[in-house]
Novice: 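Sending over a structure as structure tokens; questions will come in a sec.
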Amino acid sequence: MARTNIDSEHNETPSYEGSDVLMPDDNAKDASHEPTAELSTCPTLNEQTKPPTPEPPHVPPRARDFGPLGDLVRRRGLLLLVLSSSTLFAMGIALSHNLVSVQALSFFLGVTSVTPQILIPFAGDLAPPERRGTAISIVLSGLLLGIIFGRAIGGVIGDASSSWKNVYWIAVGLQAIALGVLWWVLPDWPSKVEALPRPNEGEVERKRPTYFTILWTMAKLAVTEPILIQGCLINLMNQVVFSSFWVTLTFLLAGSPFNYST
């Protein structure tokens, strides 16, 4: 009995009357560890530090890899192949139910989204010399307008609809329409290799270019042609300004007073 009294005395919380020391109240301590509704809805640290979707960072590597194919094979078939692939990958993202599959399919979607980069030089080859600049500028304008307005329209659709997947379903429909139009209007134009002149009788046939020899030629042109170097530098500065604007705009719209979802 005496031991019980001693234990109860030791278990009592000591009081500090007349002291300036403030002891935490048990209820307040429990409340401090209890997550609020606002914090419980925030993403965890692992979610915040999760690497972004591994899409190719920019267009030049993809255009570099697919560019030689435009010289080796017929571009009608190549265009229909890459556009069909990107349509299927976008459909796969819309049907995905986990993050891993979305990331994997987004990577391949970025790799195969090179239709404009193949179509721009193809338009220059199809157009007569006096209208070549006009044809290339029209196709290039469509590419740039798609990049600019696609972000804004996609954000509006995703914010106004019930699911972000609706953006991909709309992209699937638009790409399917573009696929049908290209299948209908594109001519079966010979490749650059097929258009090379054949050797005359008695002449030694020149070695046909391969994928890697075309890549090497592109690398040499990038450092030996002044006009090409100037165009690359101008395009690089344009991409820097464009990316800086959209990245800064993301942080601006995510904060007060806009508080848009990113």
Novice: Do S86 and L109 have side chains that approach each other closer than 4.5 Å (heavy atoms only, starting at C-beta)?
Specialist: yes
Novice: Please report the closest heavy-atom contact between P209 and I214, naming both atoms and the distance.
Specialist: CB-CG1, 4.1 Å
Novice: Any side-chain heavy-atom pair from Q175 and L179 closer than 4.5 angstrom?
Specialist: no
Novice: Would you verify whether the NZ or CZ of R151 falls within 45 degrees of the ring axis of W246 while also being under 6.0 Å from that six-membered ring's centre?
Specialist: yes
Novice: Can you list the steps and then say if T210 with T213 is a side chain to side chain donor-acceptor pair (under 3.5 Å)?
Specialist: CA-CA 5 Å; T210 63; T213 57; 3.2 Å; yes
Novice: Kindly give the heavy-atom pair with the smallest separation between A123 and A135, and that separation in Å.
Specialist: O-CB, 4.1 Å
Novice: Would you mind reporting whether I93 and S106 have side-chain heavy atoms less than 4.5 Å apart?
Specialist: yes
Novice: Should we say atom CD of Q230 is surrounded by more than 12 heavy atoms from elsewhere, each under 6.0 Å from it?
Specialist: no
Novice: Testing the basics here: between L95 and K165, what is the closest heavy-atom pair and its distance to 0.1 Å?
Specialist: C-NZ, 4.3 Å
Novice: Just how far is it from atom CG of L143 to atom CG of L119, taken to the nearest 0.5 Å?
Specialist: 10.0 Å
Novice: Count the heavy atoms belonging to other residues, nucleotides or ligands that lie under 6.0 Å from CG of L145, then report whether that count exceeds 12.
Specialist: yes
Novice: Got more than 12 heavy atoms from elsewhere within 6.0 Å of CH2, W183?
Specialist: no
Novice: Got a sec: does the CZ of R131 have more than 12 other heavy atoms crowding it under 6.0 Å?
Specialist: no
Novice: Would you check, one step at a time, whether the test side chain to side chain contact (heavy atoms under 4.5 Å, CB included) holds for S191 with L72?
Specialist: CA-CA 6 Å; S191 65; L72 295 174; over 6 Å; no
Novice: Between I147 and F242, does the side chain to side chain contact (heavy atoms under 4.5 Å, CB included) criterion hold? Intermediate values first, please.
Specialist: CA-CA 10 Å; I147 294 175; F242 181 82; 3.3 Å; yes
Novice: Look up atom CD1 in I234 and atom CD1 in I229, then write down how far apart they are to the nearest 0.5 Å.
Specialist: 12.0 Å
Novice: Using the rule given for side chain to side chain contact (heavy atoms under 4.5 Å, CB included), can you reason through F122 versus I136, listing the C-alpha separation, both sets of side-chain angles and the distance that settles it, and then say yes or no?
Specialist: CA-CA 9 Å; F122 192 24; I136 293 177; over 6 Å; no
Novice: Would you say that L174 contacts W169 through its side chain, given a criterion of any heavy-atom pair below 4.5 Å between the two side chains?
Specialist: no
Novice: Quick one: does W189's side chain get under 4.5 Å of R74's, heavy atoms only?
Specialist: no
Novice: Quick one: pull up CE in M91 and CG in L88 and give me the separation to the nearest 0.5 Å.
Specialist: 6.0 Å
Novice: State plainly whether the residues D125 and R132 are in salt-bridge range, i.e. N to O under 4.0 Å.
Specialist: no
